[in-house]
Every structure is written in C-alpha cells, then in structure tokens.
Amino acid sequence: MRTIQIVSRQKHVQEGIGIEAFILHCVSESREGIVPGQISGEMGISSARVATALNNLEDKGLITREIDIEDRRKIIVRLTPMGADHVDEWQRRLLEKLADILVRIGEDDARELVRITGKLAGVLSAPRQ
C-alpha cells in the first residue's frame with residue numbers, strides 16, 4: 001500500500017495538484033514532527049518546492065517550524081490545532097467520497113474491490129523473492 005501512496009503522491013505533485021494537502025498529510029502522520037528533508041523524500045519533490053509550500057502553510061497558520069532542541073541544525077515541522085482540524089476535515093470529505101463511490105458501484109463490486117485491494121497490499125508489503 002505504501003508503494004501506491006508514494007506513486008500517487010508523486011503523480012499529483014508532478015502535476016502541481018495539492019502539494020500543500022500532501023505536505024499536511026505527511027506532517028499529520030508524524031506524531032513527533034517531521035523535518036523538511038523527509039517531506040521532500042517522501043513526496044519526490046525538491047526541497048525548494050517543499051520550502052515554498054511550508055512558507056505558505058505557515059502563513060495560513062496550519063503548521064509551525066521549530067528548531068530541534070536536540071540538534072539545532074534541524075527544523076521540525078508540526079501541525080497547529082487549526083492544521084489538525086484542516087486535515088481532519090479533508091480526511092472526512094475523502095471518506096465521504098469513497099463511501100459514495102462504493103455505494104455507486106454496488107455491494108458485489110465493492111466487496112471485490114476491497115478483496116483485491118487487500119490482496120494487492122499484501123503483495124506489495126511482502127518481501128520480493
């Protein structure tokens with residue numbers, strides 16, 4: 001599943017769609033905060049593009065950047081309460097859309113989709129032989 005997420009992120013980022021949303025998602029997954037270099041690597045985009053997006057997100061009050069007290073060379077990115085609310089709302093809307101899709105394709109196809117997705121996730125997470 002991780003491989004699909006990375007490919008999907010890179011595709012959307014390369015198209016210039018939703019860089020800030022993907023960064024917010026990356027930051028929200030990290031309980032301890034995340035460094036900009038990790039975001040850049042995770043998304044497959046340049047550190048300059050990440051820095052620009054982080055500036056925008058900070059201006060909007062959605063993230064904070066703080067110097068790491070253990071390594072003053074590092075900057076830690078964290079969500080603000082408003083940023084966390086923004087991510088929660090985004091995820092809620094995403095789940096609503098997914099639920100709508102599952103209803104529209106019907107119960108049998110929805111079950112088949114879940115089965116295949118589970119199988120695919122297992123294949124992608126297993127070591128390659």
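Side chains are part of it too, since the values below use all heavy atoms of this structure and drop only hydrogens, waters and symmetry mates. Values in this document were obtained by computation on a predicted structure and should not be read as measured data.
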**Request:** Answer yes or no: is there a donor N or O on one side and an acceptor on the other, between the side chain of Gln38 and the main chain of Val35, under 3.5 Å?
**Result:** yes
**Item:** Minimum-distance pair of heavy atoms, taken over all atoms of Ser40 and Ser46
**Value:** OG-C, 3.6 Å
**Message:** Determine whether a donor-acceptor pair (N or O, by modelled atom type, separation under 3.5 Å) exists between the side chain of Ser125 and the backbone of Gly122.
**Reply:** yes
**Asked** Run the side chain to side chain contact (heavy atoms under 4.5 Å, CB included) check on His86 and Thr80 step by step: do they pass?
**Response** CA-CA 10 Å; His86 188 80; Thr80 64; over 6 Å; no
**Asked** Side chain of Thr52, backbone of Ala48: donor and acceptor closer than 3.5 Å?
**Response** yes
**Request:** Consider only side-chain heavy atoms of I, L, V, M, F, W and Y, link residues closer than 4.5 Å, and tell whether Val27 and Phe22 are in one cluster.
**Result:** yes
**Message:** I'd like to know if the side chain of Ser28 and the backbone of His25 have a donor-acceptor N/O pair within less than 3.5 Å.
**Reply:** yes
**Straight-line distance of Ile19 CD1 to Leu54 CG, nearest 0.5 Å** = 11.0 Å
**Prompt:** How many angstroms lie between atom CD of Glu20 and atom CG of Leu62, to the nearest 0.5 angstrom?
**Reply:** 8.0 Å
**Message:** Looking at every non-hydrogen atom in both residues, tell me the closest pair between Arg78 and Gly33 and how far apart they are.
**Reply:** CG-CA, 3.9 Å
**Asked** Considering residues, nucleotides and ligands other than Arg72, do more than 12 of their heavy atoms fall under 6.0 Å from its CZ?
**Response** no
**Complete:** Separation between CG (Leu24) and NZ (Lys60), nearest 0.5 Å, reads 8.5 Å
**Message:** Assigning hydrophobic clusters by single linkage (Ile, Leu, Val, Met, Phe, Trp, Tyr; side-chain heavy-atom cutoff under 4.5 Å), is Ile76 placed with Met43?
**Reply:** no
**Request:** Over all heavy atoms of both residues, which pair between Ile34 and Cys26 is shortest? Give the atoms and the distance, please.
**Result:** CD1-O, 4.3 Å
**Asked** What closest approach, in Å, do Val50 and Pro36 show between heavy atoms, and which atom pair accounts for it?
**Response** CG1-O, 4.1 Å
**Prompt:** Rounded to the nearest 0.5 Å, what separation is found between the CD1 atom of Ile101 and the CG atom of Asp109?
**Reply:** 13.0 Å
**Request:** Report yes or no: do Ile75 and Ile63 belong to one cluster of Ile/Leu/Val/Met/Phe/Trp/Tyr joined by side chain heavy-atom distances under 4.5 Å?
**Result:** no
**Asked** With a 4.5 Å limit on heavy-atom distance, are the side chains of Val87 and Arg92 in contact?
**Response** no
**Request:** Give a yes or no on whether Glu32 atom CD has more than 12 heavy-atom contacts from other residues, nucleotides or ligands under 6.0 Å away.
**Result:** no
**Message:** Are more than 12 heavy atoms, taken from residues, nucleotides or ligands other than Asp108, located less than 6.0 Å from that residue's CG atom?
**Reply:** no
**Message:** Please tell me whether Leu98 and Val114 are part of a single hydrophobic cluster in this structure, the criterion being side-chain heavy atoms less than 4.5 Å apart.
**Reply:** no
**Item:** Ile116 atom CD1, neighbour heavy-atom count above 12 within 6.0 Å
**Value:** yes
**Prompt:** Should Glu96 and Arg93 be marked as a salt bridge (charged side-chain N to carboxylate O under 4.0 Å, His left out) after you check the CA-CA gap, both sets of side-chain angles, and the distance that decides it?
**Reply:** CA-CA 5 Å; Glu96 284 178 357; Arg93 282 186 274 144; over 6 Å; no
**Request:** To the nearest 0.5 angstrom, please state how far the CG atom of Asn56 sits from the CD1 atom of Ile23.
**Result:** 9.0 Å
**Asked** Can you tell me how far CG of Leu94 sits from CD of Gln91, rounded to the nearest 0.5 angstrom?
**Response** 7.5 Å
**Asked** Is any NZ, NE, NH1 or NH2 atom of the basic residue among Asp100 and Arg104 found under 4.0 Å from an Asp or Glu carboxylate oxygen of the other?
**Response** yes
**Prompt:** Met82, Leu57: one ILVMFWY side-chain cluster at the under-4.5 Å cut-off?
**Reply:** yes
